[in-house]
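Numbering starts at 1 and runs along the sequence shown.
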Amino acid sequence: MLYTEHFEVSSHDTDPNNIARASSVLRYMQETANHQMRDQKPSYSELFEQGMAFVLSRIRMSLYHPLHQYDKIDVQSWPCESRGASFNRCYRIYKDGLIIAEAASIWALVGTKDRKLYRNNDVDFSNYSFGEPVELDLPGRFHIPQEVNLSLVGERTIEYGDIDCNRHMNNT
């Protein structure tokens, strides 16, 4: 059974058109993953106390339908079979039984002090509910053509309100 949480879309998560921002959709997905870790152990806090933290390597998300403020949603998150130092996790959001969004992510478990990469069998995640990976119609990677000239469009100072419990700029 996949881990599921229930949320109501906050008015603060929507744009001026009353559509939930992609970053808000990702936040509901990640919050569900955090709840699974809290409930099925080891929790993210326990890993952090042991000197480990998950770092996002890649994520792909498909949004099929918009979410609006006060929509009631069911969010699923589950780890998938993983190998080596990559930890795969998938997500799905439902509203009234309809799939609204899906995502697939790859994480690394890194030592916070020594920056060591941990492998799948270094930590016992056997309490977790595992599932099959989602199939997204998106490439796993994309390449920027060499002829594209990327230029700086601005700078932003990261402030206290931008960081998470890892003291990193939050990935959502």
Side chains of Asp71 and Glu8 in contact at under 4.5 Å (non-hydrogen atoms) = no
request  = Kindly work out whether a path of hydrophobic side-chain contacts (I/L/V/M/F/W/Y, heavy atoms less than 4.5 Å apart) joins Tyr3 to Tyr44.
outcome  = no
inquiry  = Quick one: does any side-chain atom of Glu81 pair with a main-chain N or O of Pro133 as donor and acceptor, under 3.5 Å?
reply    = no
query = Could you walk me through whether Val75 and Tyr28 pass the side-chain contact (heavy atoms from CB on, under 4.5 Å) check?
reply = CA-CA 7 Å; Val75 185; Tyr28 288 117; 4.3 Å; yes
request  = Report yes if the side chains of Asp74 and Ile93 come closer than 4.5 Å at any heavy-atom pair, otherwise no.
outcome  = no
ask   = Taking Gln40 for the side chain and Ser129 for the main chain, is one N or O donor matched with an acceptor at less than 3.5 Å?
value = yes
Tyr94 with Tyr70, same ILVMFWY side-chain cluster at under 4.5 Å = no
message = Between Val110 and Ile106, is there shared hydrophobic-cluster membership here, with clusters defined by ILVMFWY side-chain heavy atoms closer than 4.5 Å?
response = no
query = Side chains of Val123 and Pro42: closer than 4.5 Å at any heavy-atom pair?
reply = yes
ask   = What heavy-atom pair brings Val25 and Ala20 nearest, and what distance separates the two atoms?
value = CG2-CB, 4.3 Å
task = Taking all heavy atoms of Tyr128 and all of Lys41, pick out the closest pair and write down the distance.
result = CE1-O, 2.8 Å
task = Show the numbers, then the answer: is there a salt bridge (charged side-chain N to carboxylate O under 4.0 Å, His left out) between Arg21 and Asp15?
result = CA-CA 6 Å; Arg21 293 183 290 283; Asp15 65 15; over 6 Å; no
key: Pro79 and Asn88, any side-chain heavy atoms less than 4.5 Å apart   = no
ask   = Do Leu47 and Met37 touch side chain to side chain, with heavy atoms closer than 4.5 Å?
value = yes
task = Taking all non-hydrogen atoms of both residues into account, name the closest pair between His68 and Pro66 and its distance.
result = CE1-CG, 3.9 Å
task = Give, for atom CG of Leu98 and atom NE2 of His65, the distance between the pair rounded to the nearest 0.5 Å.
result = 4.0 Å
message = Looking at every heavy atom in both Val134 and Arg92, which two are closest together, and how far apart are they?
response = CG1-NH2, 3.2 Å
query = Short question: side chain of Ser24, backbone of Asp13 - any donor-acceptor pair under 3.5 Å?
reply = yes
key: Candidate list Arg89, Glu5, Glu31, test side-chain hydrogen bond (donor to acceptor under 3.5 Å, both in side chains), partner Ser77, passing option   = Arg89
request  = Would you name the heavy atoms of Ala104 and Leu136 that are closest together and state the gap between them?
outcome  = N-CD1, 3.8 Å
ask   = Between Gln30 and Arg27, is there a donor-acceptor pair closer than 3.5 Å when you use the side chain of the first and the backbone of the second?
value = no
Parallel, tilted or perpendicular, as decided by the 30° and 60° cut-offs, for the rings of Trp107 and Phe54 = perpendicular
Parallel, tilted or perpendicular: rings of Phe125 and Phe87 (30°, 60°) = perpendicular
message = Hydrophobic clustering (ILVMFWY, side-chain heavy atoms < 4.5 Å, transitive) - are Ile19 and Leu63 grouped together?
response = no
request  = Report yes if some heavy atom in the side chain of Ile73 is under 4.5 Å from a heavy atom in the side chain of Val9; otherwise report no.
outcome  = yes
ask   = Does any non-hydrogen side-chain atom of Asp122 lie less than 4.5 Å from one of Arg119?
value = yes
message = To the closest 0.5 Å, what do you measure between OG1 (Thr14) and NE2 (His12)?
response = 9.0 Å
request  = Indicate the atoms forming the closest heavy-atom contact of Glu102 with Ile99, along with that distance.
outcome  = CG-CG2, 3.7 Å
query = Just wondering, do Leu26 and Ile59 contact through their side chains at under 4.5 Å, heavy atoms?
reply = yes
